[in-house]
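This report refers to the structure that appears directly beneath it.
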2 protein chains.
Amino acid sequence: MNAQQLTKNQGLVFDVLSRADQPMSAYTILDKLRDHGFRAPLQVYRALEKLLEFGMVHRLESLNAFVACAHPNDNCCRHGTVAFAICNSCGHVEEFHDHAVDDRLDAFVKSKRFKAEKTTIEIRGLCSACAA
Amino acid sequence: MNAQQLTKNQGLVFDVLSRADQPMSAYTILDKLRDHGFRAPLQVYRALEKLLEFGMVHRLESLNAFVACAHPNDNCCRHGTVAFAICNSCGHVEEFHDHAVDDRLDAFVKSKRFKAEKTTIEIRGLCSACAA
DNA sequence: CAATTGATGTAATAACATTACATTTGTTAT
DNA sequence: ATAACAAATGTAATGTTATTACATCAATTG
């Protein structure tokens, strides 16, 4: 159920993100793809839009940047909220899932009759290497 | 321990945010304050920076916008993570705190020896009124 | 093969945020 | 009071992120 068939631009953008060891902004991706014919931001944003839809890429709201999903083969990605620990120093991102957190937030929104569509959880700080 | 003494610009920005029934972008705030002599974005950003520091205002990362703290008199604001339920339709924001969620995220980052500095939790969706 | 749909290319512009530098105001020490 | 310092402000320019508008191209289908 994985291995989405990607178009040329989607494939290029996904490759760049997969190889990166840090989140990348749309414009950084654009620069990396100039050699492959990319000329305008929209080419990147359109590919990202689809990749986000496919669950292959995540957007980090606190960074205005994007990362390839760390668990692309894990269905969990699609059934729970994704949370991120983001190092402010080296940019390393740890992606995780916690159903207890999900349940707790769920309980809250249900109590408010709020209909959740998308949840963002991002922890900014220092990774073990950088904090040492 | 509340009632921070604000400067003129800080006070103006805080007033605008307090009266608003929705999050506001820095540029929207700027427009509201033209009559009071505001001319440049930096005047707003500088005031916001201090207000964020004082815990009187929150930044919504998924919206690039700002809201006055809903619980200014509650010390809880300063000792736990603030979470938001944001209506995509009417813009209403529900601010809440949940120590169980905090503890759970804490446990995760501790297990990774990650040193958390700031945590963002934002639930986008539809409020009870708009979902009906 | 016409019609539709999805993807792409390109330019322009909008929206959000920061850097740099000059000036003013407020506070503290003497 | 005033010198010295720190904090806040004013202004312009620029940098960064994201979208709108419009034209073209490619794949699919009736």
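Note on naming: letters A, B, ... go to the chains in the order of the sequence lines (proteins, then strands), and numbering restarts at 1 for each one. Heavy atoms only: backbone and side chains are in, while hydrogens, waters and symmetry mates are out.
Between A/Thr7 and C/dT8 there is a side-chain N or O to OP1 or OP2 distance below 4.0 Å. Of the side-chain N and O atoms in A/Lys50, one or more sit less than 4.0 angstrom from OP1 or OP2 of C/dA7. Taking only side-chain nitrogens and oxygens, A/Arg59 comes nearer than 4.0 Å to OP1 or OP2 of D/dA18. The shortest distance between the side-chain N/O atoms of A/Gln43 and the OP1/OP2 oxygens of C/dG9 is below 4.0 Å. Under 4.0 angstrom from either OP1 or OP2 of D/dT17 there lies no side-chain N or O belonging to B/Asn64.
You'll find that the side chain of B/Asn9 is closest to D/dG10, out of D/dA18, C/dT10, D/dG10. Relative to the side chain of A/Pro41, the nucleotides D/dT19, C/dG9, D/dG10 differ in distance, and D/dT19 lies closest. Proximity note for A/Phe66 (side chain, C-beta onward) versus D/dT17, D/dT20, D/dA18: the nearest is D/dA18.
Look at CD on B/Gln5: it is 18 Å from P on C/dT25, rounded to the nearest Å. The separation between A/Gln10 atom CD and C/dG6 atom P is 13 Å, rounded to whole Å. Whole-Å rounding puts the A/Ile29 CD1 to D/dT16 C1' distance at 14 Å. Separating the CG atom of B/Leu42 from the C1' atom of D/dA8 is a distance of 11 Å, rounded to the nearest angstrom. The distance from atom CZ of B/Phe54 to atom P of D/dA7 is 12 Å, rounded to the nearest whole Å. Counting to the nearest Å, the P atom of C/dC16 and the CG atom of B/Asp31 are 11 Å from each other. Whole-Å rounding puts the B/Phe38 CZ to D/dA8 C1' distance at 11 Å. The OH-P distance, from A/Tyr45 to C/dA14, rounds to 17 Å in whole Å.
Heavy-atom minimum distance, B/Glu122 versus B/Glu61: OE2-N, 2.6 Å. Between A/Glu95 and A/His97, the closest heavy-atom pair is OE2-NE2, 3.9 Å. Scanning both residues, B/His99 and B/Gly80, for their nearest heavy atoms gives CE1-CA, 4.4 Å.
With centroids closer than 5.5 Å and planes inclined by less than 30 degrees as the test, A/Tyr27 and the base of D/dT17 pass as a stacked pair.
Here A/Phe96 contributes atom CZ and A/Ile123 contributes atom CD1; the two are 4.0 Å apart, rounded to the nearest 0.5 Å. Between atom CE of residue B/Met56 and atom CD of residue B/Gln10 there is a gap of 8.5 Å, rounded to the nearest 0.5 Å.
One can find a donor-acceptor pair under 3.5 Å joining the base of D/dG10 and the side-chain atoms of B/Arg46.
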